[in-house]
Peer 1: 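Just passing along the structure, written as structure tokens.
Worth saying up front: this structure is predicted, and the values here are computed from it rather than measured. Each chain gets a letter, A, B and so on, in the order its sequence line appears, and its residues count up from 1.
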Amino acid sequence: MAQPDLFAPPSPARDILSPGALLLRGFALDAAPDLLAGIAAIEAQAPFRHMVTPGGFTMSVAMTSCGALGWVTDRRGYRYAPHDPDTGAPWPAMPEAFRALAERAAAEAGFPGFAPDTCLINRYIPGAKLALHQDKDERDTGAPIVSVSLGLPATFQWGGLQRGDTVRRLALEHGDVLAWGGPSRLFHHGILALKPGHHPATGATRLNLTFRRAG
DNA sequence: CAGTAACA
DNA sequence: CACG
């Protein structure tokens with residue numbers, strides 16, 4: 001077999017962004033319907049809301065969470081909380097389909113045994129963005145971050161340990177999964193302002209799932 | 001500072 | 001890049 005690859009089924013592309021950071025193109029395509037159904041159920045219990053940063057600005061991205069903990073921000077700062085500050089209720093449980101996808105993606109990226117205890121759900125409408133930042137509110141930085149893109153495409157920024165480090169831009173599409181850990185665990189990243197559009201699965205929005213071990 | 005705005 |  002001289003050219004076996006010519007006849008092999010197309011395998012999802014794997015791009016290495018930096019040591020310990022992998023882009024798994026289309027990895028969540030099969031799971032996407034279950035993920036979207038899960039988001040709808042979570043949203044019914046813990047509605048999306050625009051949180052406020054310590055600086056007093058309202059974020060353009062609408063957020064909610066599921067799992068034992070949820071990421072929250074207000075004038076007091078960033079933190080993980082076991083209850084939804086808007087309702088006082090515990091965050092909705094993390095659906096098994098969420099957990100399973102995150103574990104599979106992490107293993108695929110070289111981080112076996114990933115056991116996320118929180119999933120932050122971000123909803124973008126046109127114009128919404130997330131400035132360059134680090135995920136550094138988690139107790140144990142040993143676990144990776146797994147990020148799933150659904151719906152409208154967006155431009156992802158991938159920087160380095162220092163905020164001033166060179167920033168690379170990548171297009172993320174429906175079903176793409178990003179996983180980063182190890183030496184890249186604290187790398188800066190962000191999302192540029194979403195461009196208007198329509199996606200059959202999500203309409204005029206982009207949804208992102210970010211899995212973490214926070215506690 | 002997971003922010004905006006003022007730069008050139 | 002400075003900022004409050």
Side-chain angles (χ1 to χ4, degrees), chain A residues 17-18 20-21 23 39 42-43 46-86 91 94 98 102 116-172 176-181 184-195 202 205-215:
Chain A
L17 307 180
S18 57
L23 168 56
I39 293 170
I42 291 160
E43 174 180 7
F48 284 101
R49 80 293 308 265
H50 294 272
M51 295 192 278
V52 174
T53 65
F57 296 100
T58 300
M59 298 181 72
S60 59
V61 174
M63 301 175 159
T64 187
S65 283
C66 67
L69 296 169
W71 186 84
V72 296
T73 177
D74 55 26
R75 274 132 299 199
R76 296 171 17 190
Y78 309 140
R79 63 194 171 277
Y80 282 97
H83 298 275
D84 179 345
D86 280 14
W91 296 102
M94 187 184 301
F98 283 39
D117 57 8
T118 178
C119 174
L120 176 64
I121 306 171
N122 291 165
R123 187 181 63 192
Y124 297 75
I125 61 174
K129 58 184 184 290
L130 211 50
L132 209 59
H133 68 279
Q134 296 171 291
D135 292 11
K136 58 179 182 184
D137 303 313
E138 300 73 30
R139 292 168 86 91
D140 180 12
T141 198
I145 304 288
V146 172
S147 170
V148 180
S149 293
L150 297 169
L152 286 178
T155 303
F156 181 75
Q157 298 178 296
W158 184 244
L161 277 181
Q162 306 297 145
R163 184 157 187 176
D165 287 347
T166 307
V167 175
R168 176 175 162 188
R169 294 177 170 195
L170 320 81
L172 293 184
D176 289 349
V177 176
L178 223 34
W180 64 91
S184 295
R185 175 60 180 75
L186 293 175
F187 273 29
H188 289 259
H189 55 282
I191 291 284
L192 297 185
L194 193 76
K195 292 169 191 161
T202 63
T205 68
R206 170 179 190 262
L207 292 163
N208 173 264
L209 304 178
T210 306
F211 295 91
R212 300 156 174 155
R213 167 138 288 251

Peer 1: Within this structure, what is the CZ-to-P distance between A:Phe57 and B:dA2, rounded to whole angstrom?
Peer 2: 12 Å
Peer 1: Nearest whole angstrom, please: distance from the C1' of B:dA2 to the NE2 of A:His188.
Peer 2: 12 Å
Peer 1: How close or far is atom P of B:dG3 from atom CG of A:Leu192, stated in whole angstroms?
Peer 2: 12 Å
Peer 1: Given the rule that a pair is Watson-Crick or G-U wobble with both distances under 3.5 Å, how would you write DNA chain B in dot-bracket, using | for pairs to a different strand?
Peer 2: ..||....
Peer 1: With no hydrogens and no angle check, is any side-chain donor or acceptor of A:Asn208 less than 3.5 Å from a backbone partner on A:Val148?
Peer 2: yes
Peer 1: Counting the atoms with a prime plus P, OP1 and OP2 as sugar-phosphate, which does A:Ile191 contact under 4.0 Å by heavy atoms, base, sugar-phosphate, or nothing?
Peer 2: nothing
Peer 1: In whole angstroms, how far is the P atom of B:dG3 from the CZ atom of A:Arg76?
Peer 2: 20 Å
Peer 1: I'd like to know if the side chain of A:His189 pairs up with that of A:His133 as donor and acceptor (distance under 3.5 Å, no hydrogens or angles considered).
Peer 2: yes
Peer 1: With heavy atoms under 4.0 Å as the rule, sort A:Asp137 into base, sugar-phosphate or nothing.
Peer 2: base
Peer 1: Please check if the side chain of A:Asp165 supplies one atom and the backbone of A:Gly159 the other of a donor-acceptor pair under 3.5 Å.
Peer 2: no
Peer 1: Which whole-number value in Å describes the distance from A:Lys129 NZ to B:dA2 P?
Peer 2: 13 Å
Peer 1: Please check this pair: side chain of A:Arg212 against backbone of A:Pro116, looking for a donor-acceptor N/O pair closer than 3.5 Å.
Peer 2: no
Peer 1: Using whole Å, what does the distance between atom C1' of nucleotide B:dA2 and atom CZ of A:Arg212 come to?
Peer 2: 9 Å
Peer 1: Do side-chain atoms of A:Thr202 reach the backbone of A:Thr205 as a donor and acceptor pair under 3.5 angstrom?
Peer 2: yes
Peer 1: B:dG3 C1' sits how many Å from A:Tyr78 OH, rounded?
Peer 2: 7 Å
Peer 1: With a 3.5 Å cut-off and heavy atoms only, can you find an N or O donor on one side and an acceptor on the other between the side chain of A:Arg163 and the base of B:dA2?
Peer 2: no
Peer 1: Take atom CG of A:Leu186 and atom C1' of B:dA2, then tell me their distance rounded to the nearest Å.
Peer 2: 14 Å
Peer 1: So what does A:Thr53 hit on the nucleic acid, given a heavy-atom distance under 4.0 Å: a base, only sugar-phosphate, or nothing?
Peer 2: sugar-phosphate
Peer 1: When rounded to the nearest 0.5 angstrom, what is the spacing between OG in A:Ser60 and CD1 in A:Ile125?
Peer 2: 8.0 Å
Peer 1: Would you call the rings of A:Trp71 and A:Tyr78 parallel, tilted or perpendicular if under 30° counts as parallel and over 60° as perpendicular?
Peer 2: tilted
